[in-house]
Asker: 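One structure follows; several queries about it will come next.
All heavy atoms count here, side chains included; hydrogens, waters and symmetry mates do not. Since the model is a prediction, treat every value here as computed from it, not as a measurement.
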Amino acid sequence: MEEYLNLESLLTQAAEADVTALRQFLTKNPSQPLVTVGSGGAESVADFAALLYGARGGVATAVTPYTLNSYSDDALKTAKLLLVSKGGHNQDIAFAAGRGLDVNGDKTASFTLSTGDRNEVRKKFAKARSNLSFDIPDLKAHDAFISVGSPVMYFALLCRAFSPGCDLSKYQSKPEAPYRSEQKDGTPLSMEDLKGVKSLIVLNGSWGRPVAKNLEGKLVESGLCPACVIDFRNYCHGRFIFTSGHLEDSAVVMFITPREKDLAGRIRELLPASAKLVLIETEADAPEASLDLLIRSTLFFFDLCKATGTNWVKPKNPGDIDKRKPIAIPFISQLKKDGPLKVQ
């Protein structure tokens, strides 16, 4: 898997990239709301950008391009927009770029890793004569059907944009023990013990939020298993019942930073002794914590795929759904016809 998660290459490139213009856009006028937009592998990147914007004192939300259409033109005019896409060529992000530039061109920016001819978002910004297309060229992040390298690259770039003094070098080597898998009573679990897991509860808080979303996407898009992303406290409002009723075929993944350590421990104590746990933990309490958790969770994903015989590079498709067709389903004309949501 080295070709897809070459941490030294990915983080060295991210450390050397020029993110000055992106930083200025994201840190200017922090009192203005920010809407970040991304889908597929970029969805968790958009969520991380929104999280960081909030941590600096602003208000931000992350949406998909499809959900963006729910917002009225007047609403979009009140906020900054950041569009995230590795290649900038799928119709979803191109549609979002067109709408953002039409409605709020002075405050709409894009963040891609390509300057190639297929980058439709970049073309739209050039046509609009906008200088807010933050395309960082020549960065090599290898992805397959599932995005692996580009989220790491994006997380690292955003760490630098919001926290210029962050040290990415400490994450260039894979951690020796990226996670722990064990029962609630402390009995160690191997990947063989987790092969029978049919669903995962993914608990998170603070820096773990965008990483939990990223893991959910990997698990579902690989066909490995469904995952339910819940914050630690919301789990306590009743969703623990699923764990109680599925001790044999489910597991609880906990993304733990120093902020959640005590809460995670208290929740663990309430679970049955045989509950299966996967503990993904970082010692950092800064933007780099998300990067660290992302790397660790990706290594967990690789190991689980290996144990279950899941080919995440080219997932099995027993129903023989043509992989080219879902992304090509027309939707733009209907969105334009219906327009944003309205309350009379």
Asker: Which heavy atom in Gly339 sits nearest to a heavy atom in Asn69, and how many Å separate them?
Answerer: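 Here Gly339 and Asn69 meet closest at O-ND2, 3.5 Å.
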Asker: Under the side chain to side chain donor-acceptor pair (under 3.5 Å) test, which residues partner Tyr71, sequence neighbours left out?
Answerer: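 Tyr71 satisfies side chain to side chain donor-acceptor pair (under 3.5 Å) with no residue once adjacent residues are dropped.
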Asker: Do Thr282 and Trp207 have side-chain heavy atoms sitting under 4.5 Å apart?
Answerer: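 No, their side chains stay 4.5 Å or more apart.
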Asker: If you measure only the distance, is there a donor-acceptor pair under 3.5 Å linking the side chains of Thr257 and Asp285?
Answerer: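 No, because no side-chain N or O of Thr257 sits under 3.5 Å from a partner of the opposite role on Asp285.
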Asker: Quick one: are Leu194 and Val278 in side-chain contact, heavy atoms under 4.5 Å?
Answerer: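 A side-chain contact under 4.5 Å exists here.
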Asker: Is there a salt bridge (Lys or Arg N to Asp or Glu O under 4.0 Å) between Lys276 and Glu182? Walk through the geometry before answering.
Answerer: CA-CA 6 Å; Lys276 299 179 181 67; Glu182 59 195 41; over 6 Å; no
Asker: Got a sec, which pairs hit salt bridge (Lys or Arg N to Asp or Glu O under 4.0 Å) with one end in residues 292-316, sequence neighbours left out?
Answerer: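 Every pair satisfying salt bridge (Lys or Arg N to Asp or Glu O under 4.0 Å) with a residue in residues 292-316: Asp292-Arg296.
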Asker: Is it the case that the side chain of Ser72 and the backbone of Ala75 share a donor-acceptor pair, with hydrogens and angles ignored and the cut-off at 3.5 Å?
Answerer: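 Yes; judged by distance alone, with no hydrogens or angles, the pair exists.
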Asker: Do the side chains of Leu157 and Leu139 get nearer than 4.5 Å, heavy atoms only?
Answerer: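 Heavy-atom side-chain distance check passes, below 4.5 Å.
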Asker: Give a yes or no on this: more than 12 heavy atoms of other residues, nucleotides or ligands lie within 6.0 Å of atom CG of Asp117.
Answerer: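 Counting neighbours around CG of Asp117, 12 or fewer heavy atoms of other residues, nucleotides or ligands fall under 6.0 Å, so no.
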Asker: Would you say the rings of Tyr4 and Trp312 are close, in the sense that their centroids are separated by under 6.0 Å?
Answerer: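 Yes, close enough.
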Asker: Below 4.5 Å, heavy atoms only, C-beta onward: do Phe155 and Val211 meet side chain to side chain?
Answerer: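 Counting from C-beta outward, Phe155 and Val211 do come under 4.5 Å.
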Asker: Determine whether Leu279 and Leu304 fall in the same hydrophobic cluster, where Ile, Leu, Val, Met, Phe, Trp and Tyr are linked whenever their side-chain heavy atoms lie under 4.5 Å apart.
Answerer: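 No; Leu304 is not reachable from Leu279 via cluster members.
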Asker: Taking all atoms of both residues into account, what is the closest heavy-atom pair of Gly100 and Leu81, and its distance?
Answerer: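 Gly100 and Leu81 have their closest heavy atoms at CA-CD2, 4.1 Å.
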Asker: Does the salt bridge (Lys or Arg N to Asp or Glu O under 4.0 Å) test come out yes or no for Lys213 and Glu216, once each step is laid out?
Answerer: CA-CA 5 Å; Lys213 183 171 290 187; Glu216 182 269 342; over 6 Å; no
Asker: Listing request: all ring pair (Phe, Tyr, Trp, His ring centres under 6.0 Å) pairs with a residue in residues 247-292, at least two apart in sequence or in separate chains.
Answerer: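 Ring pair (Phe, Tyr, Trp, His ring centres under 6.0 Å) check on residues 247-292 returns no pairs.
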Asker: Would you check if Thr298 and Lys218 make a side-chain contact, meaning some heavy-atom pair closer than 4.5 Å?
Answerer: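 Result yes, sub-4.5 Å side-chain heavy-atom pair found.
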Asker: Report yes or no: do Thr12 and Glu16 form a side-chain donor-acceptor pair below 3.5 Å?
Answerer: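 No - no donor-acceptor pair under 3.5 Å links their side chains.
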Asker: Taking side chain to side chain donor-acceptor pair (under 3.5 Å) as the definition, give me every residue that meets it alongside Thr308, ordered by chain and number, with sequence neighbours left out.
Answerer: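 With sequence neighbours excluded, Thr308 shows a side chain to side chain donor-acceptor pair (under 3.5 Å) to Thr310, given in chain and number order.
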Asker: Please determine whether side chain to side chain contact (heavy atoms under 4.5 Å, CB included) holds for the pair Leu294 and Val152, giving the CA-CA distance in whole Å, both sets of side-chain angles, and the decisive distance to 0.1 Å.
Answerer: CA-CA 7 Å; Leu294 177 63; Val152 172; 3.9 Å; yes
Asker: Are any non-hydrogen side-chain atoms of Leu168 and Cys166 less than 4.5 angstrom apart?
Answerer: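 They are in contact (side-chain heavy atoms under 4.5 Å apart), so the answer is yes.
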Asker: To the closest 0.5 Å, what do you measure between NZ (Lys184) and OG (Ser274)?
Answerer: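 Atom-to-atom, Lys184:NZ and Ser274:OG are 10.0 Å apart.
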Asker: Check whether any side-chain N or O of Ser133 sits under 3.5 Å from a backbone N or O of Ser110 as a donor-acceptor pair, and report yes or no.
Answerer: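 Here the side-chain-to-backbone pair does not exist.
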Asker: Any non-hydrogen side-chain atom of Glu43 less than 4.5 Å from a side-chain atom of Pro151?
Answerer: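 Counting from C-beta outward, Glu43 and Pro151 never come under 4.5 Å.
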Asker: State plainly whether one hydrophobic cluster holds both Leu101 and Leu335, where clusters connect Ile, Leu, Val, Met, Phe, Trp and Tyr through side-chain heavy atoms under 4.5 angstrom apart.
Answerer: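 No, Leu101 does not connect to Leu335 through the hydrophobic network.
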Asker: When you measure from the side chain of Ser297 to the backbone N and O of Leu293, does any donor-acceptor pair fall under 3.5 Å?
Answerer: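 Present.
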Asker: Side-chain heavy atoms under 4.5 Å apart, restricted to Ile/Leu/Val/Met/Phe/Trp/Tyr: what other residues fall into the cluster of Val343, or is it alone?
Answerer: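 Val343 shares its hydrophobic cluster with no other residue.
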Asker: Which atom pairs, donor and acceptor, lie under 3.5 Å between side-chain atoms of residues 232-245 and protein residues at least two apart or in another chain?
Answerer:
| from | atom 1 | to | atom 2 | distance (Å) |
| --- | --- | --- | --- | --- |
| Tyr235 | OH | Thr243 | OG1 | 2.6 |

Asker: May I have the step-by-step check of side chain to side chain contact (heavy atoms under 4.5 Å, CB included) for Leu7 and Ile295, ending in yes or no?
Answerer: CA-CA 9 Å; Leu7 294 175; Ile295 292 168; 3.8 Å; yes
Asker: A side-chain contact here means heavy atoms from C-beta on lying under 4.5 Å apart; do Asn119 and His89 qualify?
Answerer: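 When only atoms from C-beta onward are counted, His89 and Asn119 do not touch, as no gap falls below 4.5 Å.
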Asker: Report yes or no: does Lys86 contribute a side-chain atom to a donor-acceptor pair with the main-chain N or O of Ala141 at less than 3.5 Å?
Answerer: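 Yes, the answer is positive, given that a donor and an acceptor are paired below the 3.5 Å cut-off.
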Asker: With a 3.5 Å cut-off and sequence neighbours excluded, list the donor-acceptor pairs that the side chains of residues 198-206 form with protein atoms.
Answerer:
| from | atom 1 | to | atom 2 | distance (Å) |
| --- | --- | --- | --- | --- |
| Asn204 | ND2 | Ile230 | O | 3.1 |
| Ser206 | OG | Glu260 | OE1 | 3.4 |
| Ser206 | OG | Glu260 | OE2 | 2.4 |

Asker: How close do Glu221 and Phe145 get, counting heavy atoms only, and between which atoms?
Answerer: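 Looking at all heavy atoms of both residues, the shortest contact is O-CE2, 3.7 Å.
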Asker: Quick one: side chain to side chain donor-acceptor pair (under 3.5 Å) partners of Ser70, sequence neighbours excluded?
Answerer: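 If we apply the side chain to side chain donor-acceptor pair (under 3.5 Å) test to Ser70, skipping adjacent residues, there are no hits.
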Asker: Could you give the side-chain donor-acceptor pairs of residues 44-55 under 3.5 Å, partners two or more places apart or in another chain?
Answerer:
| from | atom 1 | to | atom 2 | distance (Å) |
| --- | --- | --- | --- | --- |
| Ser44 | OG | Asn214 | ND2 | 3.2 |
| Asp47 | OD1 | Arg209 | NE | 3.4 |
| Asp47 | OD1 | Arg209 | NH2 | 3.1 |
| Asp47 | OD2 | Arg209 | NE | 3.2 |
| Tyr53 | OH | Asn29 | O | 3.3 |
| Tyr53 | OH | Gln32 | O | 2.6 |
| Tyr53 | OH | Lys80 | NZ | 3.2 |

Asker: Membership question, hydrophobic clusters at under 4.5 Å side-chain separation (ILVMFWY): are Val197 and Phe301 in the same one?
Answerer: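 In one cluster: yes.
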Asker: Please report the shortest heavy-atom distance between Gly149 and Asp143, naming the atom on each side.
Answerer: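 Heavy atoms only, the tightest pair is N-OD1, 2.9 Å.
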Asker: Using the rule given for side chain to side chain contact (heavy atoms under 4.5 Å, CB included), can you reason through Lys261 versus Glu281, listing the C-alpha separation, both sets of side-chain angles and the distance that settles it, and then say yes or no?
Answerer: CA-CA 9 Å; Lys261 197 174 186 67; Glu281 188 168 359; 2.4 Å; yes
Asker: Using distance alone, with no hydrogens and no angle criterion, decide if Thr112 and Ser85 have a side-chain donor and acceptor under 3.5 Å apart.
Answerer: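 Side chains of Thr112 and Ser85: no pair found under 3.5 Å.
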Asker: Indicate the atoms forming the closest heavy-atom contact of Ile280 with Pro178, along with that distance.
Answerer: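 Looking at all heavy atoms of both residues, the shortest contact is CG2-O, 4.2 Å.
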Asker: Is Arg266 salt-bridged to Glu269, going by a charged N under 4.0 Å from an acidic O?
Answerer: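 A salt bridge is absent here (no side-chain N lies under 4.0 Å from a carboxylate O).
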Asker: State yes or no: are the ring centers of Phe134 and Phe111 separated by less than 6.0 Å?
Answerer: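 So the answer is no for these two rings.
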Asker: Treating Glu288 as the side-chain partner and Lys170 as the backbone partner, does any N or O pair qualify as donor plus acceptor under 3.5 Å?
Answerer: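 It does not hold such a pair.
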Asker: Checking Arg122 side chain against Gly88 main chain: does a donor-acceptor pair fall under 3.5 Å?
Answerer: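 Answer holds: no.
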Asker: Using only atom types and a distance under 3.5 Å, with no angle test, would you say the side chain of Asn317 pairs donor to acceptor with the backbone of Ile321?
Answerer: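 Yes.
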Asker: Could you report the tightest heavy-atom contact between Leu10 and Lys140, atom names first, then the distance?
Answerer: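 Answer, listing the atom of Leu10 first, then Lys140: CD2-O, 3.8 Å.
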Asker: Same cluster or not: are Leu277 and Leu215 linked, directly or through other Ile, Leu, Val, Met, Phe, Trp or Tyr residues, by side-chain heavy atoms under 4.5 angstrom apart?
Answerer: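 Result: no, two separate clusters.
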Asker: Applying a strict under-4.5 Å side-chain criterion to I, L, V, M, F, W and Y, I'd like to know whether Tyr66 and Ile332 cluster together.
Answerer: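 Yes, Tyr66 connects to Ile332 through the hydrophobic network.
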Asker: Tell me, which pairs form a side-chain hydrogen bond (donor to acceptor under 3.5 Å, both in side chains) where one or both residues lie in residues 92-108, sequence neighbours left out?
Answerer: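 Every pair satisfying side-chain hydrogen bond (donor to acceptor under 3.5 Å, both in side chains) with a residue in residues 92-108: Asp73-Arg99.
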Asker: Sequence neighbours excluded and cut-off under 3.5 Å, please list the side-chain donor-acceptor pairs for residues 19-26, or say none.
Answerer:
| from | atom 1 | to | atom 2 | distance (Å) |
| --- | --- | --- | --- | --- |
| Thr20 | OG1 | Asp18 | OD1 | 2.7 |
| Arg23 | NE | Ala161 | O | 3.1 |
| Arg23 | NH2 | Arg160 | O | 3.0 |

Asker: Which residues satisfy the side chain to side chain donor-acceptor pair (under 3.5 Å) test with Ser190, sequence neighbours excluded?
Answerer: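 Residues passing side chain to side chain donor-acceptor pair (under 3.5 Å) with Ser190: Asp193.
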